[in-house]
Amino acid sequence: MPELPEVEAVRRMLERATRGARIDRVELRRPDLRRPFPPDFVTRLSGHTIQSVGRRGKYLLVALSSGETLLVHLGMSGAFHAAKPRAAHRASSTPDPHDHVVIVLSSGVVVTFNDPRRFGLMDLIRAGGQHEALRAMGPEPLDEAFDAAVLARACAGKRVALKVLLLDQRIVAGVGNIYASEALHHAGLSPRRRASTIATPAGAPREAALKLAAGIKAVLQKAVAANARAYESGRFRVYEREGEPCPRRGCGGTIRRITQAGRSTYYCPVCQK
DNA sequence: ATTGAGACCTGTCGGC
DNA sequence: TGCCGACAGGTCTCAA
């Protein structure tokens, strides 16, 4: 469940399920995900209380009473489940081979991290420390600090296609393959257009930068408000809608799929310029 | 400095 | 039925 709205939905669920509880037991069922778990991972989690669950881009940040922070990335297929199992249920269910981490809390809640593809990541950040993965990360798209001026400055002089640019987490945090296509459709901008064309050479925003910043905010805001349920129900405007009519009123175009930087892009060639 | 291709890993789906 | 390739919401690294 990987883009900003999905990660935010996981954050809310985890915060509700775990906040204030102590970590009583941690079970690692394999030594690594995308990378090995850090040394003493289990020891550094055990016995500490979960104070809050935050998010930065697509990363979850679990603040512990020890002062350390558990950093989690869901990759492509990572998911958390939190439940208070009945003993009988626990004993009878066959273990899922992709349940890689099981955390038992003092409240009786059991948090399970499941990740078939293992592109996920878990690491620990020392008290007062900064994690390498977050160092160069761009602004949060839903913060006020992110606007057309910031976006235009980041685009000035860049020859990359807008769609590819939006996937760069240093430009803006949390946008992935689905919402990049959705935001560009909302903005009426072609995914193939060079990033530099939405800014003046000096880096000031042109009209297109205003539309794109607004498009990013609009599609993410809407998905966050819907608790990211769009993916299951396929309620996207262009994503995975190749061959269907463009949803823009009066457009009449047909959604196309192209490949950019090895990933699928969906757009309407008629209304996205 | 950018940009593209390939790698990482498993599951699913459509075509033959 | 099974086999095969294409594809999937994300990064990384390496080479041109």
Side-chain angles (χ1 to χ4, degrees), chain A residues 1-11 13 29-37 55-60 71-80 95-101 113-123 131-138 141 154-185 191-197 203 216 219-220 222-224 226-243 256-267:
Chain A
M1 306 193 149
E3 299 186 41
L4 186 153
E6 291 76 28
V7 178
E8 178 59 22
V10 172
R11 186 199 71 73
M13 180 279 286
R29 299 202 173 151
R30 52 174 304 122
D32 57 11
L33 294 170
R34 189 167 86 214
R35 295 189 344 218
F37 290 96
R55 180 190 59 74
R56 178 78 174 92
K58 299 172 192 171
Y59 287 87
L60 291 163
L71 178 88
V72 183
H73 195 290
L74 302 175
M76 288 279 238
S77 58
F80 277 103
D96 183 324
H98 303 306
D99 283 349
H100 306 308
V101 184
F113 179 72
N114 182 283
D115 186 6
R117 292 178 76 177
R118 303 205 304 278
F119 288 168
L121 172 78
M122 284 197 196
D123 205 352
H131 198 274
E132 174 61 25
L134 307 179
R135 203 176 46 76
M137 189 167 293
C155 287
K158 287 217 159 44
R159 296 174 59 80
V160 251
L162 279 178
K163 159 68 180 344
V164 178
L165 175 108
L166 290 180
L167 297 181
D168 185 341
Q169 302 299 297
R170 294 168 303 182
I171 305 293
V172 54
V175 177
N177 204 42
I178 294 178
Y179 295 101
S181 280
E182 295 294 309
L184 285 163
H185 181 263
R192 328 168 69 135
R193 187 167 157 165
R194 288 189 191 292
S196 59
T197 65
I216 293 166
V219 299
L220 292 178
K222 199 174 155 216
V224 166
N227 228 15
R229 265 163 293 168
Y231 187 76
E232 298 101 82
S233 48
R235 270 190 274 109
F236 297 110
R237 307 267 289 170
V238 293
Y239 185 77
E240 284 187 332
R241 290 192 178 279
E242 182 181 23
R256 283 232 299 147
R257 182 176 84 89
I258 59 171
T259 299
Q260 294 181 290
R263 329 250 347 242
S264 288
T265 299
Y266 297 85
Y267 77 111

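Convention: sequence-line order gives letters A, B, ...; per-chain numbering from 1.
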Taking [atom1] from [X] and [atom2] from [N], how many angstroms apart are they, rounded to a whole number?
{"X": "A:Arg35", "N": "C:dT11", "atom1": "CZ", "atom2": "C1'", "value": "11 Å"}
{"X": "A:Leu121", "N": "C:dT11", "atom1": "CG", "atom2": "C1'", "value": "10 Å"}
{"X": "A:Asp168", "N": "C:dG10", "atom1": "CG", "atom2": "P", "value": "13 Å"}
{"X": "A:Asp123", "N": "C:dT11", "atom1": "CG", "atom2": "P", "value": "16 Å"}
{"X": "A:Gln260", "N": "C:dG10", "atom1": "CD", "atom2": "P", "value": "14 Å"}
{"X": "A:Ile178", "N": "C:dA8", "atom1": "CD1", "atom2": "C1'", "value": "10 Å"}
{"X": "A:Ile258", "N": "C:dC7", "atom1": "CD1", "atom2": "C1'", "value": "17 Å"}
{"X": "A:Asp32", "N": "C:dC12", "atom1": "CG", "atom2": "P", "value": "15 Å"}

*Classify the side chain of A:Arg263 and the base of C:dA8 as holding, or not holding, a donor-acceptor pair under 3.5 Å.*
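No, no donor-acceptor pair under 3.5 Å.
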*Does A:His73 place a side-chain N or O at less than 4.0 Å from the phosphate oxygens OP1/OP2 of C:dT11?*
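It does, given that an N or O in the side chain of A:His73 lies less than 4.0 Å from OP1 or OP2 of C:dT11.
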_Measuring to OP1 and OP2 of C:dT11, would you say a side-chain N or O of A:Gln169 lies under 4.0 angstrom away?_
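Yes, because at least one side-chain N or O of A:Gln169 sits under 4.0 Å from OP1 or OP2 of C:dT11.
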Is it true that a side-chain atom of [X] and a backbone atom of [Y] form a donor plus acceptor pair closer than 3.5 Å?
{"X": "A:Arg34", "Y": "A:Phe119", "result": "yes"}
{"X": "A:Glu3", "Y": "A:Tyr179", "result": "yes"}
{"X": "A:Gln260", "Y": "A:Val164", "result": "no"}

*Pairwise P distance for C:dC3 and B:dC9, with rounding to whole Å*: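 Those two atoms are separated by 23 Å.
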*asked:* Say we look at C:dT11 and B:dA1: how far apart would their P atoms be, to the nearest angstrom?
replied: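 Per the computed distance, 23 Å lies between those P atoms.
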*Would you call A:Met137 and A:Tyr59 a side-chain contact if the rule is heavy atoms closer than 4.5 Å?*
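When only atoms from C-beta onward are counted, A:Tyr59 and A:Met137 do touch, with a gap below 4.5 Å.
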_Check this for me: A:Arg56, atom CZ, are more than 12 non-hydrogen atoms of other residues, nucleotides or ligands nearer than 6.0 Å?_
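More than 12 within 6.0 Å, yes.
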*asked:* Taking CZ in A:Arg29 as the centre, count heavy atoms belonging to other residues, nucleotides or ligands within less than 6.0 Å. Is the count above 12?
replied: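 Enclosed: over 12 neighbouring heavy atoms sit under 6.0 Å from CZ of A:Arg29.
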Under 4.0 Å, heavy atoms only, any strand: does [X] hit a base, just the sugar-phosphate, or nothing?
{"X": "A:Lys158", "answer": "nothing"}
{"X": "A:Arg257", "answer": "sugar-phosphate"}
{"X": "A:Gly176", "answer": "sugar-phosphate"}
{"X": "A:Val160", "answer": "sugar-phosphate"}

*Can you tell me the Watson-Crick or wobble partner of C:dC7, both distances under 3.5 angstrom?*
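The base-pairing partner of C:dC7, which may sit in any strand shown, is B:dG11.
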*asked:* What range of DNA chain B does chain A touch, first nucleotide to last, counting atoms under 4.0 Å from its heavy atoms?
replied: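 Result: B:dT3 to B:dG11.
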_As a test of understanding, state which of A:Leu220, A:Val238, A:Ile216 forms a side chain to side chain contact (heavy atoms under 4.5 Å, CB included) with A:Glu182._
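Of the listed residues A:Leu220, A:Val238, A:Ile216, the side chain to side chain contact (heavy atoms under 4.5 Å, CB included) partner of A:Glu182 is A:Val238.
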*Heavy-atom pair of closest approach, residues A:Arg192 and A:Arg256*: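 Shortest heavy-atom separation between A:Arg192 and A:Arg256 comes out as NH1-NH2, 3.6 Å.
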